[in-house]
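What follows is a short report on a single structure.
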Protein chains: 4
Amino acid sequence: MQAALVGVTGYAGMVLYQLLKGHPNIKKINIYDHKLTAPADLASVAPVFKYENVQVQPYEPSQIMAANDVVFFATSAGVTAKASQPFLDNHFPVIDLSGDLRLNTRDQYEKWYHKPAAPEKSLQQAHYGLAEFESVKGQTYVANPGCYATATLLGLAPLVQKQLIDVNSIIVDAKSGTSGAGKKLSASTHFTEANDNLQIYKPNQHQHIPEIVQELQKWDQHVSTIQFMTTLIPVTRGIMSTIYARVNAGVNQAQLEQAYHHSYDQQPFVHFTDTELPTIKQVVGTNNCDIGLAYNPETKIVMIDSVIDNMLKGAAGQAVQNLNQMFDYPETAGLALQPALI
Amino acid sequence: MQAALVGVTGYAGMVLYQLLKGHPNIKKINIYDHKLTAPADLASVAPVFKYENVQVQPYEPSQIMAANDVVFFATSAGVTAKASQPFLDNHFPVIDLSGDLRLNTRDQYEKWYHKPAAPEKSLQQAHYGLAEFESVKGQTYVANPGCYATATLLGLAPLVQKQLIDVNSIIVDAKSGTSGAGKKLSASTHFTEANDNLQIYKPNQHQHIPEIVQELQKWDQHVSTIQFMTTLIPVTRGIMSTIYARVNAGVNQAQLEQAYHHSYDQQPFVHFTDTELPTIKQVVGTNNCDIGLAYNPETKIVMIDSVIDNMLKGAAGQAVQNLNQMFDYPETAGLALQPALI
Amino acid sequence: MQAALVGVTGYAGMVLYQLLKGHPNIKKINIYDHKLTAPADLASVAPVFKYENVQVQPYEPSQIMAANDVVFFATSAGVTAKASQPFLDNHFPVIDLSGDLRLNTRDQYEKWYHKPAAPEKSLQQAHYGLAEFESVKGQTYVANPGCYATATLLGLAPLVQKQLIDVNSIIVDAKSGTSGAGKKLSASTHFTEANDNLQIYKPNQHQHIPEIVQELQKWDQHVSTIQFMTTLIPVTRGIMSTIYARVNAGVNQAQLEQAYHHSYDQQPFVHFTDTELPTIKQVVGTNNCDIGLAYNPETKIVMIDSVIDNMLKGAAGQAVQNLNQMFDYPETAGLALQPALI
Amino acid sequence: MQAALVGVTGYAGMVLYQLLKGHPNIKKINIYDHKLTAPADLASVAPVFKYENVQVQPYEPSQIMAANDVVFFATSAGVTAKASQPFLDNHFPVIDLSGDLRLNTRDQYEKWYHKPAAPEKSLQQAHYGLAEFESVKGQTYVANPGCYATATLLGLAPLVQKQLIDVNSIIVDAKSGTSGAGKKLSASTHFTEANDNLQIYKPNQHQHIPEIVQELQKWDQHVSTIQFMTTLIPVTRGIMSTIYARVNAGVNQAQLEQAYHHSYDQQPFVHFTDTELPTIKQVVGTNNCDIGLAYNPETKIVMIDSVIDNMLKGAAGQAVQNLNQMFDYPETAGLALQPALI
């Protein structure tokens, strides 16, 4: 197949391009950029790819559809909202890495993203691609989940689905490396400020909150909202989502563990490590989500430690996993990545 | 006055020595070491002080009492438990930076520290020196609080004392830089492992848990236990204690803020920054505890962000603050430290 | 005395303000800012000083001279070149932390700084304040040395002054933390790019090259140029200048060491550590320059390892040291700083 | 083919195991460990591989030779010296990642490694496998180059081979991340000490010095020694070798550049980037060596900036490249690695 990639200059686009290059079912990747009016060398658009002898094309939906079998959007918030309609109208496969298609209602999007939402129809037809739970097989219009949402939802799914916790007691203390904030320069990601520091940001205002709530509600209608905080850590890549919830009366540790084994033992990318608590480094460089837990019988609170590489499972890796589901390729095609270890 | 320092080779001892050197009321610091049998150059015991022309003496209680007006113990867990009795018997002022005298019962100490506890009498006479709340004026036997306990208790005090939160809903997600783990080498603090990583450790087993509970119970007897987790961060110095609690019915944000202003506006070292959330770096190098909050009216949960420099407010700085209270010196004597800023 | 500070928003200005606050001979600091047209709160201009209840005044030379005894410029390149003339005309004491007054000729300045130079007269009257070698006692117009220049010149001085090395064999491999690049955002200091990285920058083009050469030539006219390279390191504060030079025939290691002892044993801020090679961390937080050497008898090359805190000895600290010399205060007044150690 | 790996617990062994798993020509990897007396699970020997369901065998040369086509030693200094004789006697292919077989004489080894050397015969038959210059095709006994030696030799080769520089003017200022120091705990790699720091170590005593000199001498007999210094940087992976040398009279920049293009334009893993100076991050995660230069016409000194991932091109990657040469596989087999980028 041939795959179109719109947006290769941001971090997610860069990593996605690398993954697609290594994908056994992709014959050719065609790159497109909104800012171009004429074809240009990839090296001039994204200097990091200076050894690639490849052209980038101006963005033009009809040409993208003519030349490709699928299109990935690795663009900033707001771009897909405006641009994806022609693909939808033509039932052309779209995988969108931005947040534009994740929320079901225009109101929610505009409340949390502070931008005009995609048309109602787009939002209704988009399918949220949390790969382990929402197969996008046969879908053509996929919203790839957010990084924090992925780590948090995978961490919570077994407990919520099996009704083992009080869903209104959930508190998430999530930490992310600076690559999650993207390539855009800011004081909080200036090395001199970020190094040797922790910075809590967007308290109660992170745009992944409504995304997480919306998905949890599919599993348990009693979920009304969640407490979710984000801290910027002096790490380049990686997310740790530390989740706390009160365990329902009568539930013991064995049941908690069984729920995770049941959900994930057959999944290639999610590893439940029981009471061994995963570190960020053990997943960086892979499409894995590693999950461990610590149950405190005195407080009746279970802590879930869910880690991912925000650029892979939290973005480009999961996008490829969704591609694999969409086109019925092996789930791990193009994703046989090994962790950095060191 | 003359001050004795027992233990100058660990991180807390090193920093305490620096603070005592700058203290206006201390004429002379006499250093003692358990491992010595004869006097030795400080530079040979602690090479970091290579420019100091000072001697270290072997540890001998009677000589310490003869030559000094107060003794600081900056020793490992277990040392003060065994060694402090002679000072207690003589009502000689002791400030202990280890955890040996913090817990009120031998059972609790032995359960959490896995070592023989100090004699019953020692524990009963020790006064817990959380400087803003438990003045040690007139005391002679002081347990200096733990680093995590300090950040957490100062963050919780106004809410618990004013009964603004459900004390059984408290969840603490605390993060510490590697200096908190001391000078002892370990795999988790090996640069190659700790860099670019987060590592949760001692889940539900950290020895500061009973210390925090014990002190909270003094403010509200309804506290039974707390949920408290610790994560090692790739930072040298600093603690961030992120605290979550459910606000009692009818309590609004203004009341929460007032409680902090009431507790801390007159305190030289604790700054309540309202809804501006403090970062670790803004307190590193000082004896300050900066505290901010974010109240979520949807979840009714208040998040408290409490940061300290673990070596200063979390150890040596608070020890000097306790000295100042003990001897009725100005609270800030020797502690007019400025943050590194950069 | 009263001291004027022009520029408090950059890193050097922030640190200088802290030092001046702790200086025993300064009664009052008056802060001025070019961007203001009316007085403003310091906290609004430099939020990092949120607890300071101080006003910043608009920049106005006659008022600065009326109210103060000295003025420090902690401004960007180009500001002093344009602004300092009135002070010079009135023989009013100026200490300039920018590079505007360091080079003796307008040509050199404009070649390396790519900006219009200060008037000829200003450059001629400016006195280069390398505190250990060029006393500014009795001077009124002082160019405070650059950070790299300070570490490199202090490392080279004894060898060049005593003619122990071939001055045309000097190669300097200098490394700096990101704070040296200032507060201005850039891709190379974006955490995601700078972390886990080394970046060589401005090869053969760093503006400290002519400054170093000019000063070396005062000690030995045979110096024509030097090889000098700069590498950005993932560290917040600190410079290590690694200097290589071929030792003259007949010179042995003892002579090399003696030269350093002779130059620095009486200096309060420069420590010669013989063959123990100093690390960056041992000087961070102080006005010290620590210097060690390793002589290789096979290659006849001596390596000098010279480390400073770029914000202190490399900027604000040396500026205070120059103040002390100018006004005949004790050399260490306001500079009794202790290293962070940890 | 089947490949034996002796030593999987050290960093190089861990990375080598990952590479071998992805190598298209290797059917099976058999792991051996000196410390075992009976087979054990890999997860118990190297917990980092907890998801691998593989056995480790006790070390036994005859069994290794019976079951495999090649053996890799990823062991500490001293092991191969003692252990490799049986393989040599049987002309069984060995690739040794330790330094035991790199130096040609026992004297040199014992002088720099402070351990008993391998037998004379072993040293004479070992072939130094600097993959771009010393093809090991048809060899059976290969010493894989050291990490610093690789970066430095690749950086110097074109200039020395084409006699463009004064070989007695070479000065190397090499920097390495902490993974180069291995898994063994030490004060200098304790996070609290290594973070925010630079530490020069083993001045004039690094064991890669004789290795570099020995290889340079093969290209130009006039090389007698080199000036070579090593600095530990707060980075996990990566080496930057900054090389300075005086250019011979009459040589211009174009000739310097041509030499590199000539040597490397056909090489898959070495990229000459002209005057663009490579950073460490651009090669981490790959088997690449990126090289750039800055020529200073005033000093007549050329600076070479040569960067590698010490675990890959500096260890396991080059070992696989040597395997490919030995067995006539495509040079890039198993090494199509993409840089981390972020």
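Lettering of chains follows the sequences in order, A, B, ..., and the numbering in each one begins at 1.
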Ignoring hydrogens and angles, state whether a donor on the side chain of A:Asp290 or D:Tyr51 is under 3.5 Å from an acceptor on the partner side chain.
yes
Quick one: which residues of residues 179-194 of chain D reach chain A at under 4.5 angstrom, heavy atoms only?
D:Ser179
Does D:Lys35 have more than 12 heavy atoms from other residues, nucleotides or ligands lying within 6.0 Å of its NZ?
no
Answer key: most heavy-atom pairs under 4.5 Å with chain A among D:Gly22, D:Ala336, D:Pro339, D:Gly285 is D:Pro339
Going from CD1 on A:Ile342 to CD on D:Gln18, what distance comes out if it is rounded to the nearest 0.5 angstrom?
7.5 Å
Part of D:Thr178 lying under 4.5 Å from any heavy atom of chain A:
neither
Checked A:Thr273, A:Val284, A:Asp196, A:Thr236 vs chain D; the most non-hydrogen pairs under 4.5 Å come from A:Asp196
What's the spacing between D:Lys50 NZ and A:Glu276 CD if we round to 0.5 Å?
4.5 Å
Interatomic distance, CG@D:Leu19 vs CD@A:Gln338, rounded to 0.5 Å, equals 7.5 Å
Within-4.5 Å side-chain heavy-atom neighbours: A:Lys281 and D:Val48:
no
Just checking heavy atoms, which of residues 5-17 of chain D are less than 4.5 Å from chain A?
D:Tyr11, D:Met14, D:Val15
Got a sec: does the CG of D:Asp265 have more than 12 other heavy atoms crowding it under 6.0 Å?
yes
Can you check side-chain hydrogen bond (donor to acceptor under 3.5 Å, both in side chains) on A:Asn195 and D:Asn195, steps first, answer last?
CA-CA 10 Å; A:Asn195 187 37; D:Asn195 186 37; 5.3 Å; no
Might you confirm whether atom NE2 of D:His262 has over 12 heavy atoms from other residues, nucleotides or ligands at distances under 6.0 Å?
no
